[in-house]
Colleague: 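Can you read through this structure? Questions will come right after.
Quick note on labels: first sequence line is chain A, next is B, and so on, each numbered from 1.
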Amino acid sequence: MNKGISRKRPTPPQQAANPSKQQATSPEDEFVDEDEDVFLDETLFETEDDLVLRDIEQRQSLASRLTKWARPPPSHAYTSASRSVVFQQLEIDYVIGESHRELLPNWSGSAAIIRIFGVTKEGHSVCCHVHGFEPYFYINCFPVMGPDDISRFHQILEGRMGEVNRNSKVPKFIRRIEMVQKRSIMYYQQQDSEPFLKIVVALPTMVASCRGILEKGILIDGLGMKKFMTYDSNVLFALRFMIDCNIVGGNWIEVPAGRYKTTKPLSYCQLEFHCLYSDLISHTPEGEFSKMAPFRILSFDIECAGRKGHFPEPTHDPVIQVANLVTMQGENQPFIRNIMTLKSCAPIVGVDVMSFDTEREVLLAWRDLLREVDPDVIIGYNICKFDLPYLIERAETLGIAEFPILGRIKNSRVRVKDTTFSSRQHGTRESKEVTVEGRVQFDLLQAMQRDYKLSSYSLNSVSAHFLSEQKEDVHHSIISDLQNGNAETRRRLAVYCLKDAYLPQRLLDKLMYIYNYVEMARVTGVPMSFLLSRGQSIKVLSQLLRKAKQKNLLIPYVKKAGSEQGTYEGATVLEAKAGFYEKPIATLDFASLYPSIMMAYNLCYCTLVTPEDVRKLNIPPECVNKTPSGETFVKSNLQKGILPEILEELLAARKRAKADLKEAKDPLEKAVLDGRQLALKVSANSVYGFTGATVGQLPCLEISSSVTSYGRQMIEHTKNLVNDKFTTLKGYEHNAEHEAFWELTGFGFRRNSEVKRERDQSIPRMGDPLGNSAHVSSQKQNREGVVIYGDTDSVMVQFGVPTVEAAMDLGREAAEYISGTFIKPIKLEFEKVYHPYLLISKKRYAGLLWTNPGKFDKMDTKGIETVRRDNCLLVKNLVNECLHKILIDRDIPGAVQYVKNTISDLLMNRMDLSLLVITKGLTKTGDDYGVKAAHVELAERMRKRDAATAPNVGDRVPYVIIKAAKGAKAYEKSEDPIYVLENNIPIDPQYYLENQISKPLLRLFEPILKNASKELLHGSHTRSISISTPANSGIMRFAKKQLTCVGCKALLSKSDHTLCSHCKGREAELYCKTVAHVSELETLFGRLWTQCQECQGSLHQDVLCTSRDCPIFYRRKKAQKDMAEAKVQLDRKFWINQPQQQQQHQKLEMGVIAFELRRSEGSHVKRNKRTTFEC
DNA sequence: GACAACTGGAAGTTCCGGTAGATTTCTTCA
DNA sequence: AGTCATGAAGAAATCTAGCGGAACTTCCAG
Ligand SMILES: Nc1ccn([C@H]2C[C@H](O)[C@@H](COP(=O)(O)OP(=O)(O)OP(=O)(O)O)O2)c(=O)n1
Ligand code: SF4
């Protein structure tokens, strides 16, 4: 217990990194000394007894810590290399290194070496170096080129490459040029193959530079200047390797015994070896190989102590705590829970608390943990953008050179790079890329942003949403205070930090992320890490390349052709017959419309016939499909497309997912499986999207516009058929009604029987372009149909029958009947019934959804405010409640009353601020906006206040609308809700009434209620308003304060202090009332306070949380404010004879004063708060 | 140099320009 | 009867609220 000696950080991980040593000696004996040193600090305040106890405890904890940290040691069969190694790979990358002498004796110089990281089923970490895989691409071969030309070409190209890559030390740039027989994927071609040149280069980066040379043109003796088309030349090297070896993301790889060599380890992995790429066996993920290896998942979170009023910056502010949880895949409890703290920290049950004196020790302890535990996956919340870069930059600032070796490769530092991801779907989002070699990072924040549309992505609101659990949010300035307190306050912080580390793990489990993402990686064939860092197109491209390789096809590299026509026509949306439908509405929907069109009509790059070839090739007309948009594609008997094959696989995977979904019971599990099913659907739809992506790799608008044109034709055909069959054939009960209608409106219509006769002669078939179906429709187009709405691939049909069951029967019948008119696999399905159904407009409707006749499943809303994230909660709740009352309870008066109450609450300022927060996404950086928008302007203002916490591109900005001068634009009235709370700024209820709730309500009630506007928005409930005054905002500088009477709120003259002359004499009554009011508010506040204490997990500590996303927070704040105000009123009772106190109170009492606003012209506007205007 | 699935549609906001109506200013005239 | 002040009426100028529509923006349906 020598307190004087300089402390060492605990060194267990380093020793323990060598498993054999660990076994040889008892770890307990070995590390006791360091252990004592480390925890000395805490013992300073403790008694001798505690000290001894603590000491024993720590000894034990460290011993168990080590056995817990390390991976199981590999068996002899592994260490002696006498068995084959089978492992699940999680990450693949490559490095440039010297070729392996033994494996590739004939090679020299540097080459790309692939590294595969993974885990065996026993849980050993694996690093496999793969040699012999060379980067290559193809170019077209001119017919005149003979073998001599090729070798001359080789030499010239080698020379040009030497010029371009001057400082590369490779002996030979172009390894080989081979003549191969292949075919381009573009356009249908009659010959099977033609010659191409395969160019094998030395290093992956040379593909691009070589491509550049060949595209520009190269002078070949005897042939002149030749420009080449390049093929497969834009494929990432690691992906190329995966494709050629048939490896898909997260699958199992086997390296047979004897085919691998071990050498001096370059990594920290337990099993490390070298092999040839041709010796790898990739197992397709089926049966035994569809399982998961027991990989280790580290979830962590850091806390930093920022300076007062500043967000922590790594150049100044220390890292004070790091919480870690390690879980084995497939288990539901972490087997390691610890926290590393700077300075002492009181013990926490079930958690290994490790305290250190210096930040350096904390950081190094974390690095050691990483190295020893050797996690395969690192998760956390916002780790990519914050935690990891912070740790690394911090270590740099402190000059800890040995810290950033976090990956599995010895002496290799992690690199941090800024990245932006921008797509039409997800907008622009900035992030950082931290390369930790051999470990997959899985930032739950990124996953959430991609997979779920939420109005806030803070950990708090996400966990509230998925785990129904609030998480306190401690402001960064308070974190410093806690750190600077004592062991207890630091314990408090540690608990908070641990929770932040635990929640991502819970989310990961609950949303089955590992399982779902591995599946997606396997189906689409990309590495896991791509799923979070890349978009949809890489998935399609990966599948395309795989299929193309099987079929001997090549994918051309096309430069951006600027002249290409920008857009093409999309889907039809049928005109919506808005209204409230009390009879059941059946929905017919094509199953995966676009994918099935592509499959049915064999649409693919390789089946497209160019207009030129249509004339030249003389393909028999029965072998081609002419699409409604005028393109020609050959049928599958001539050439089967590869896109249809890809789609078949994706849809098969989706089918499996849907089958799992059926099994699921638990609602959340259902939601998750539904998400998985939807993700696969999106992947399938993206195949179509890929062809229409003009900025993508291989756009082919002929395909995409053909798909949509078929789609348009099909929905039109379906609509006509339904309208036709179900309004004209006898035997459907509803006919009478419609006939009556026709008699009223129609003229010149034929009778039903006539139509029937005609129908019997031919069932219109889709496919004969513009044939019968057009004929039928032209005859009937004036006829009022039963199809009330439809979008892209669905039609909503009002059969007119009164019961859900009957509608279902008719729906099924109709679906079957109409499906018969389409080519396989296009299938119209009866999906659901809405009853009742409120159709507001195109893409906006609500209804009760029934899938079985007994009971409705749920209320379904599409497009309206309840599902839109850019509405405040008030509107969402209000609309939701009204819909509930209208659709389920069928209680329209109740709905009206509810609206009135809500409006009156709003106007009387009884609304809690959390309900008024509007959020909008920031899609571009400040300057790029053309017009001023509320959230953009606010983001700019917040940036001026504090740049570090202000929203960035891709973030969502929460704001409320505050009171301002009349006629002020919304962008002048937006404000940060926290700021509003802190500064007691009044909100603008009028804005919320007029701009937020009125229009949605009118849209909702219009079809149901006469005079909706008058009834809802101008009734007596709108008469009482309460105007609150700002506390200290700008215009208050011109305000003169005046008190109001407690009894009747009238303005007080100078002589009165509490009550006006009228109310004098009612003192006792009013006093009692005020007291009761105060105590009521106190109880409310107390209750909320306790709730928060429960949330933060301790009942005897202050609540520090300022969570923008928690409704309780707003309520607590409001209760607090109301209570304070009420107390001030109470105090006023006693002022009557103490005039000098008055001023003081006046200051406190900002909320209850009236003010007089002077305008420069001299006109006066008088208002007072808490004055009830009765009209 | 690498990266980015697609279109259709509703709705809210700002901006801009022509306008009706109000207000002010000027003119005329009793 | 001529001159001047005044006020009313009318005309001209000016202001302004409110409008429609375009453009921009966000988000959702499919
Ligand atoms: N993100 C999307 C969603 C849809 N679509 C296109 C392709 C779909 O085929 C069509 C219809 O979409 P649905 O949402 O109705 O989905 P599907 O019909 O594909 O699937 P299902 O009806 O089986 O759920 O719209 C698209 O391009 N991109
Ligand atoms: S406001 Fe209270 S309940 Fe909400 S997150 Fe904070 S501590 Fe928890």
Colleague: Given dA5(B), dC6(B), dA2(B), identify the nucleotide with an atom nearest to the side chain of A208(A).
Modeller: dA2(B)
Colleague: Rounded to the nearest angstrom, tell me the gap between atom CG in L650(A) and atom C1' in dA5(B).
Modeller: 13 Å
Colleague: Name the nucleic acid region contacted by G692(A), choosing base, sugar-phosphate or nothing; use a 4.0 angstrom heavy-atom cut-off, strictly under.
Modeller: sugar-phosphate
Colleague: Could you work out the separation of dG30(C) and dA2(B) based on their C1' atoms and round it to a whole Å?
Modeller: 31 Å
Colleague: Determine: side-chain N/O of R956(A) to OP1/OP2 of dT26(C), distance under 4.0 Å, yes or no.
Modeller: no
Colleague: In dot-bracket form, how is DNA chain B paired, counting a Watson-Crick or G-U wobble pair only if both its distances are under 3.5 Å and using | for bases paired to another strand?
Modeller: .....||||||||||||.||||||||||||
Colleague: Heavy atoms under 4.0 Å, any strand shown: does V540(A) hit a base, just sugar-phosphate, or nothing?
Modeller: nothing
Colleague: Whether R869(A) contacts dC28(C) is assessed here as follows: a side-chain N or O lying under 4.0 Å from the phosphate OP1 or OP2. Is that the case?
Modeller: yes
Colleague: If you measure from the Lys or Arg side-chain nitrogens to the Asp or Glu carboxylate oxygens, is any gap between K842(A) and D791(A) under 4.0 Å?
Modeller: no
Colleague: By salt bridge (charged side-chain N to carboxylate O under 4.0 Å, His left out), which residues pair with E430(A), not counting sequence neighbours?
Modeller: none
Colleague: Quick one: which of Y594(A), F822(A), Y710(A), F633(A) gives a ring-ring contact (aromatic ring centres under 6.0 Å, His included) with Y601(A)?
Modeller: Y710(A)
Colleague: Which nucleotide in the set dG12(B), dC6(B), dC3(B) lies at the smallest distance from any side-chain heavy atom of R534(A)?
Modeller: dC3(B)
Colleague: Consider the side chain of V682(A), meaning its heavy atoms from C-beta on, and name the nucleotide among dT13(B), dT25(C), dA5(B) that approaches it most closely.
Modeller: dA5(B)
Colleague: Listing request: all salt bridge (charged side-chain N to carboxylate O under 4.0 Å, His left out) pairs with a residue in residues 232-242 of chain A, at least two apart in sequence or in separate chains.
Modeller: D232(A)-R240(A), R240(A)-D244(A)
Colleague: Nearest to the side chain of Y568(A), heavy atoms from C-beta on, is which of dA11(B), dA5(B), dT7(B)?
Modeller: dT7(B)
Colleague: Could you check whether R1003(A) pairs with E865(A) (Lys NZ or Arg NE/NH1/NH2 to Asp/Glu carboxylate O, under 4.0 Å)?
Modeller: yes
Colleague: When we call it a touch if two heavy atoms are under 4.0 Å apart, what does T923(A) touch: a base, just sugar-phosphate, or nothing?
Modeller: sugar-phosphate
Colleague: Contact class for K681(A) vs. all strands (heavy atom < 4.0 Å): base, sugar-phosphate, or nothing?
Modeller: nothing
Colleague: Report which part of the nucleic acid T792(A) touches: base, sugar-phosphate, or nothing (heavy-atom distance under 4.0 Å, all strands).
Modeller: sugar-phosphate
Colleague: Could you walk me through whether S422(A) and T428(A) pass side chain to side chain donor-acceptor pair (under 3.5 Å), step by step?
Modeller: CA-CA 4 Å; S422(A) 93; T428(A) 312; 4.5 Å; no
Colleague: For a quick check of understanding: with a heavy-atom distance under 4.0 Å over all strands, which category does R1003(A) fall into, base, sugar-phosphate or nothing?
Modeller: sugar-phosphate
Colleague: Students often get this wrong, so: under 4.0 angstrom with heavy atoms, is R429(A) touching a base, only sugar-phosphate, or nothing?
Modeller: nothing
Colleague: How would you label the contact of Y594(A) with the nucleic acid (heavy atoms, under 4.0 Å): base, sugar-phosphate, or nothing?
Modeller: nothing
Colleague: By the 4.0 Å heavy-atom rule, please label K453(A) as base, sugar-phosphate, or nothing.
Modeller: sugar-phosphate
Colleague: Got a sec, which residues hit salt bridge (charged side-chain N to carboxylate O under 4.0 Å, His left out) with R534(A), two or more places apart in sequence or on another chain?
Modeller: none
Colleague: Under 6.0 Å from the six-membered ring centre of F421(A) and within 45° of its axis: does the NZ or CZ of R450(A) meet both?
Modeller: yes
Colleague: If you assign each of E569(A) and S533(A) to its closest nucleotide in DNA chain B, which residue comes earlier from the 5' end?
Modeller: S533(A)
Colleague: Output the rounded distance in Å from CG (D955(A)) to P (dT26(C)).
Modeller: 13 Å
Colleague: Among L906(A), I918(A), V917(A), whose side-chain contact (heavy atoms from CB on, under 4.5 Å) with L874(A) holds?
Modeller: L906(A)
Colleague: How many whole angstroms separate atom CZ of F530(A) from atom P of dA5(B)?
Modeller: 13 Å
Colleague: Grab the CD1-P distance between I961(A) and dT14(B) for me, whole Å please.
Modeller: 9 Å
Colleague: Checking only heavy atoms, does the side chain of R868(A) share a donor-acceptor pair with the base of dC27(C) at less than 3.5 Å?
Modeller: yes
Colleague: May I have the distance from N995(A) (atom CG) to dT13(B) (atom C1'), rounded to whole angstrom?
Modeller: 9 Å
Colleague: Within 45° of the axis and under 6.0 Å from the centre of the six-membered ring of Y929(A), does NZ or CZ of K924(A) qualify?
Modeller: yes
Colleague: Atom OH of Y557(A) to atom P of dA2(B): distance rounded to whole Å?
Modeller: 6 Å
Colleague: Could you check whether Y789(A) gets within reach of a base, just the sugar-phosphate, or nothing at all, counting any heavy atom under 4.0 Å?
Modeller: nothing
Colleague: Between atom CE of M206(A) and atom SG of C210(A), what is the distance when rounded to the nearest 0.5 Å?
Modeller: 9.5 Å
Colleague: Say we look at dC3(B) and dA29(C): how far apart would their P atoms be, to the nearest angstrom?
Modeller: 32 Å
Colleague: Under 4.0 angstrom, heavy atoms only, what part of the nucleic acid is K843(A) near: base, sugar-phosphate, or nothing?
Modeller: base
Colleague: Looking only at side-chain N and O atoms, does Y688(A) come under 4.0 Å of OP1 or OP2 in dG30(C)?
Modeller: no
Colleague: How close or far is atom P of dG12(B) from atom NZ of K920(A), stated in whole angstroms?
Modeller: 10 Å
Colleague: Under 4.0 Å between a side-chain nitrogen and a carboxylate oxygen: does that hold for E975(A) and R941(A)?
Modeller: yes
Colleague: Find the distance L593(A):CG to dG8(B):C1' and express it as a whole number of Å.
Modeller: 15 Å
Colleague: Does K969(A) make a side-chain N or O approach to OP1 or OP2 of dC15(B) shorter than 4.0 Å?
Modeller: no
Colleague: Taking OP1 and OP2 of dC27(C), is either one under 4.0 Å from a side-chain nitrogen or oxygen of R424(A)?
Modeller: no
Colleague: Between dA5(B), dA11(B), dA29(C), which nucleotide has the shortest distance from any of its atoms to the side chain of R844(A)?
Modeller: dA11(B)
Colleague: Reading DNA chain B from 5' onward, which residue's closest nucleotide shows up sooner: Q425(A) or L236(A)?
Modeller: L236(A)
Colleague: Which nucleotide in the set dT14(B), dG9(B), dA5(B) lies at the smallest distance from any side-chain heavy atom of Y971(A)?
Modeller: dT14(B)
Colleague: For S537(A), report the nucleic acid contact type (base, sugar-phosphate, nothing); a contact means any heavy atom under 4.0 Å.
Modeller: sugar-phosphate
Colleague: Among residues 928-939 of chain A, which contact DNA chain C at a heavy-atom distance under 4.0 Å?
Modeller: Y929(A), G930(A), H935(A)
Colleague: What nucleic acid atoms does Y991(A) come within less than 4.0 Å of, heavy atoms only: base, sugar-phosphate, or nothing?
Modeller: sugar-phosphate
Colleague: Under the salt bridge (charged side-chain N to carboxylate O under 4.0 Å, His left out) rule, collect the residues that match up with K681(A), sequence neighbours excluded.
Modeller: none
